[in-house]
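As structure tokens, the structure follows; a few thoughts come after it.
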Protein chains: 2
Amino acid sequence: MKELKSDYQCAIDLVIDVIGGKWKVLILWNLNEGVKRFNELKRSLPNITQKMLTQQLRELEEHGLVERTVYQEVPPRVEYATTEMGKKLQSTLFEMCKWGDEYAQTQGITMNRCWTTYNFMD
Amino acid sequence: MKELKSDYQCAIDLVIDVIGGKWKVLILWNLNEGVKRFNELKRSLPNITQKMLTQQLRELEEHGLVERTVYQEVPPRVEYATTEMGKKLQSTLFEMCKWGDEYAQTQGITMNRCWTTYNFMD
DNA sequence: CCGTATCCAAGAGGATACTG
DNA sequence: CAGTATCCTCTTGGATACGG
């Protein structure tokens, strides 16, 4: 489990530790749509493995960006949602996404605009 | 040298490829202050090695976020600056930084607010 | 001053099998 | 359904030495 340091020289540094890596912003970006179940998230992240999804969700939970709710049912139901702190990243992620779209155009990169972009753009 | 894919499913994915990793946003964040020389940058990034700084700058240059200017002098002088596309990330990075500051407070993480934050805040 | 080249360690990320 | 548990690969990043 990734542990944050107790002090940082720079906020950007901290942000990288909290949402860095291959999957975390994608997960948060997905959860912006609303509460989602584990397999629902998994389907939204085309190439993620079960291990990575679990691992990243646990870290996001530990760091207070994501909330996990287990319903005692059979079969099990587990729902994930962003916390208040997580929601506050929405606008930043949206900015990143807009920049990415623009950047892709200037570089001739094809962008199969995905679900969440559409939801936001509407 | 890191190559971008020719198409992406999602802009966020692209953004991660372009500015992901341990150093790139820190470098961009530093360059927001203005043009900087190689060793000047190196001093601003306390623990970066020469190899990493060179490598990351080359990739940022290749991807069109940073511009490199070599002056034919002895000793050599090389200056780095953000491109237009790079500058367009400034506000996003600033948002990230603000979020990081707030997050640090809620988590009891010490933040030795650094140079660039001050410059922006003023 | 501003790099390159080489080698190496650590950890992130993935494949696969199994479980309450 | 929603996970664990292993094992393994590959990339990232760091140390060090050398060069124009």
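Residue numbering restarts at 1 for every chain, and letters A, B, ... go by the order of the sequence lines.
Taking a cutoff of 4.0 Å between a charged side-chain nitrogen and a carboxylate oxygen, A/Lys98 and A/Glu95 qualify as a salt bridge. Between A/Glu73 and A/Arg77 there is a salt bridge, with a side-chain nitrogen of the basic residue lying less than 4.0 Å from a carboxylate oxygen of the acidic one.
The CD atom of B/Gln72 sits 14 Å away from the C1' atom of C/dG3 (whole-angstrom rounding). A/Met52 places its CE atom 15 Å from the C1' atom of D/dA5, with the value rounded to the nearest Å. In this structure, A/Asp17 atom CG and D/dG13 atom P are separated by 12 Å, rounded to whole Å. Between the CD atom of A/Gln50 and the P atom of D/dG3 there is a distance of 8 Å, rounded to whole Å. Across the protein-nucleic acid pair, A/Gln55 atom CD and C/dA15 atom P stand 14 Å apart, rounded to whole Å. With rounding to whole Å, A/Gln56 atom CD is found 9 Å from C/dA12 atom C1'.
Contacts of B/Lys22 with the nucleic acid, taken as non-hydrogen atoms under 4.0 Å apart, involve only primed sugar atoms and P, OP1 or OP2. No contact: B/Tyr71 has no heavy atom under 4.0 Å from any strand. In this structure, B/Lys2 reaches the sugar-phosphate backbone alone: every heavy-atom distance under 4.0 Å involves primed, P, OP1 or OP2 atoms, never a base.
Between A/Tyr80 and A/Phe38, the angle of the ring planes lies from 30° to 60°, which puts this pair in the tilted group.
Position along DNA chain C of the nearest nucleotide to A/Asn47 versus B/Leu57 favours B/Leu57 as the more 5'-ward residue. Each of B/Thr54 and B/Arg43 was assigned the nucleotide of DNA chain C with the nearest heavy atom; the assignment lying further toward the 5' end belongs to B/Arg43. Taking for each of A/Glu40 and B/Trp23 the nucleotide of DNA chain D with the nearest heavy atom, the 5'-most of the two is the partner of A/Glu40.
Checking C/dG3, C/dG20, C/dC1 against every side-chain atom of B/Val78, the shortest atom distance belongs to C/dG3. Residue A/Arg37 has its side chain nearest to D/dC1 when only D/dC1, D/dG3, C/dC1 are considered. Nearest to the side chain of A/Phe38, among C/dG3, D/dG3, D/dC7, sits D/dG3. Side-chain atoms of B/Arg68 lie closest to C/dG3 of the nucleotides D/dG3, C/dG3, C/dC2.
Within the model, atoms NE2 of A/His63 and CE of A/Met1 stand 7.5 Å from one another, a figure rounded to the nearest 0.5 Å.
Nearest heavy atoms, A/Ile12 versus B/Leu93: CD1-O, 3.7 Å.
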